[in-house]
Number of protein chains: 2
Amino acid sequence: MTADRIDADDQPTGAPQRTRGSVMRDVARLAGVSHQTVSRVLNDHPNVRPETRERVLAAMRALNYRRNSAARTLVTRRSRTLGLVAFETTLFGPASTLYGIEQAARTAGYFVSVASVRSLDRESVLEAIDRLCEQSVEGIVAITPKNTVVAALSQAPAGLAVVGVGGGGESVPTVCIDNAAGAAMATRHLLALGHATVHHITGPADWPEAQDRIDGWREALYAVAAPVPAPRPGDWSARSGYEQGRLLATDPSVTAVFCANDQIALGALRALHEAGRRVPDEVSVVGFDDVPESSYFLPPLTTVRQDFAELGRRSLDLLIEQLNGDSRTNRRISLTPTFVARTSSGPPSA
Amino acid sequence: MTADRIDADDQPTGAPQRTRGSVMRDVARLAGVSHQTVSRVLNDHPNVRPETRERVLAAMRALNYRRNSAARTLVTRRSRTLGLVAFETTLFGPASTLYGIEQAARTAGYFVSVASVRSLDRESVLEAIDRLCEQSVEGIVAITPKNTVVAALSQAPAGLAVVGVGGGGESVPTVCIDNAAGAAMATRHLLALGHATVHHITGPADWPEAQDRIDGWREALYAVAAPVPAPRPGDWSARSGYEQGRLLATDPSVTAVFCANDQIALGALRALHEAGRRVPDEVSVVGFDDVPESSYFLPPLTTVRQDFAELGRRSLDLLIEQLNGDSRTNRRISLTPTFVARTSSGPPSA
DNA sequence: GGGCAGCATGAGAACGTTAACATTCTCGAC
DNA sequence: GTCGAGAATGTTAACGTTCTCATGCTGCCC
């Protein structure tokens, strides 16, 4: 009955221009082959005669055929889609990571579905993962700045491939920048210029990235037996850099400040400027991230550059490794950042 | 044969813990109902006895059931997924728009699949649209800064719902900030402070947003019969702001500069500073966008704020309207930006 | 010349869901 | 007590792919 209706619909009108779009069967009919042969052409199966293949391709062009991915996914159980759990995607770092992952995913033949979370509590993250699972993603990349995210990730359904980017956790394969190394570079740079010690305005305490930068900074100070001032708590924002900068500016012994990111450094620069402390003559400032604007700060900011594109690529590698069922080697990839010297740092005036 | 195998597999093991995950039939069996009843529970069909519903829900919980969206999409022809064509997503504006759209989409019950394009030529954009179509998205939101994108969009398959965000074109429903109004606000602000005229460092010539800002600036000057200096070509980057700023700094008659975005303003601020021209005492600078850092520039930047979240929400409204087949009224939505006065602008010194 | 490998193709059954229709059951009205 | 409306549930057929297996057909070897 229904089949009759379809035929009745098709044959009089000539079928090509239906709202529904054409399907494999239409292509097959036009090319005079079975739908299976069309499928073979579509999937580059070797056993198709060149002539037949050509006929099928012509029919596909004529009907403007597009394969239906839902049907394909249903039968292959592969959605070719990755889920991305992201937070604060308006910031440069996460936005760049997202971009890097998307590019890498495309290259690898995957689609990317984004689930931004408003907050990083376990519940929001689990809900985001849930939504992505419902979309039957094959794996999830989570930009995991906070420990809670990692915790939530490890609660993800068993079969699901998962990779964390940025922050760290033992429970989930992770790729991240070696924040400690970057912080140490920045600190050593300042020490090498002759500063007696280096102050540090940190990121939020519960972000592993912030913690690692603190560790790197502290280690570098330890290594040369420099005094370790109390770290100044920031929250990645320029505002926090400004507030902490004002406090630091009142202390004449402060000659070098390492900021956990470039925004903080920007705030600190303004605070120092307002307090009449000249950079770099009186105080040196170093940031972290190398946002595109940092070379136009006043003065241009010495900082540490992260390669976000590489971060995206590597995280995808790790994910695909899991999807292929490869052994869980290299569960943790760490990328070394690059030091970028500009003019916000110099030898102490004394 | 195959059916036998499945039964043989299922019954001995008890089925709940299979790699494949459970499907509707498993739930139905456990709850002692037909799969259709499960479907009804899932889709909130009214005609299910509360007691039955409860039993089904319990079974779903017990089996950790998740509906298979591919199958659902296949039969309903609705993927509940929107495609997002985006460019330069690492910049604050696009990143914020992306975020706004994602949030709005989630609220409306849609998933978002992102296709970033490396460049905005017609080919890249069409390819991105193609990829999204293959994923059977129901509609596409394109962050359409350049005219070529709009052109490519209008080439999209006929049945596809499309909305452009940001830039404009007549051929596609669009939601954008009223850039001309914003630019006029900035310009009028400077004129009201007593400046004889206002110089302008523009965005790239082929971006409608940049063009609209030029128009708004020029109109505001015309309105008070102020002289209209030649616009200085920029490209959104701090670098271009710096370069144009250096040129402007050499001209002592320049007392007010309106920059097409905050990055350009940052570069201009640095150039003016290096040239020894004090802001705002000698030269006033105004930006556009209100990036989070702009209140920590030196000096804090007077600028024009865009509401990206609203932009995302409205573009989604427009898209959903199309999906519902509503009339094509309001094909163009324009949002008025907000003027934000800070300290980078003031009366001319003379 | 019979058997057989292997290529090219086709037929039909999945995949897991929703939609359309069919069936039972429950009540109240006549 | 029968009828019928409507609620609750079940049956079956799509949806558009890919997969498995079957079937010709060709050409080659012994």
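Model, not experiment: these values are computed from the prediction. Below, chain A is the first sequence line, B the second, and so on; all start at residue 1. Values reported hereafter were calculated over all heavy atoms of this structure, with side chains retained and with hydrogens, waters and symmetry mates removed.
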Inter-residue atom distance Q135(A).CD - T81(A).OG1, 0.5 Å rounding
6.5 Å
Of the listed nucleotides dG16(D), dT17(C), dT20(D), the one nearest the side chain of Q36(A):
dT20(D)
Heavy-atom nearest pair, V114(B) first then R131(B), reads O-NH2, 4.5 Å
Approximate separation, where rounding is to 0.5 Å, of N43(A) CG and H45(A) NE2
9.5 Å
Counting just side-chain N and O atoms, does R67(B) come under 4.0 Å of either OP1 or OP2 of dT17(C)?
no
Distance check needed: dT12(D) P versus R25(B) CZ, whole Å only.
14 Å
To the nearest 0.5 Å, how far apart are CD1 in I320(A) and CG in L82(A)?
7.0 Å
Any donor-acceptor N/O pair under 3.5 Å between dG10(D) base and R40(B) side chain:
yes
M24(A) side chain, from C-beta outward: closest of dT18(D), dG10(C), dG16(C):
dT18(D)
Provide, to the nearest angstrom, the distance between the OH atom belonging to Y65(A) and the C1' atom belonging to dG16(D).
7 Å
Could you tell me whether R61(A) and E54(A) have a side-chain N and a carboxylate O separated by less than 4.0 Å?
yes
For H35(B) and for L74(B), find the nucleotide of DNA chain D with the closest heavy atom, then tell me which residue's nucleotide is more 5'.
H35(B)
Phosphate-side-chain proximity, S39(A) and dT17(D), N/O vs OP1/OP2 below 4.0 Å:
no
Could you tell me how far apart R72(B) (CZ) and dT17(D) (P) are, to the nearest whole angstrom?
20 Å
Under 4.0 Å: is that the gap between some side-chain N or O of T37(B) and OP1 or OP2 of dG10(D)?
yes
Whole angstrom value for the distance that separates P of dG16(D) from CG of L63(A):
14 Å
Is R77(B) near enough to dG16(D) that one of its side-chain N or O atoms lies under 4.0 angstrom from OP1 or OP2?
yes
Within this structure, what is the CZ-to-P distance between R66(A) and dT17(D), rounded to whole angstrom?
12 Å
Do you know the tightest heavy-atom contact between E102(A) and V112(A)?
CA-CG2, 4.1 Å
Quick one: which of dT18(D), dG16(D), dG10(C) gets closest to the side chain of T76(A)?
dT18(D)
Quick one: are P50(A) and R53(A) in side-chain contact, heavy atoms under 4.5 Å?
no
Note: contacts of residues 43-57 of chain A with DNA chain D (heavy atom, under 4.0 Å) are N43(A)
D26(B) CG - dC15(C) P separation (whole Å)
11 Å
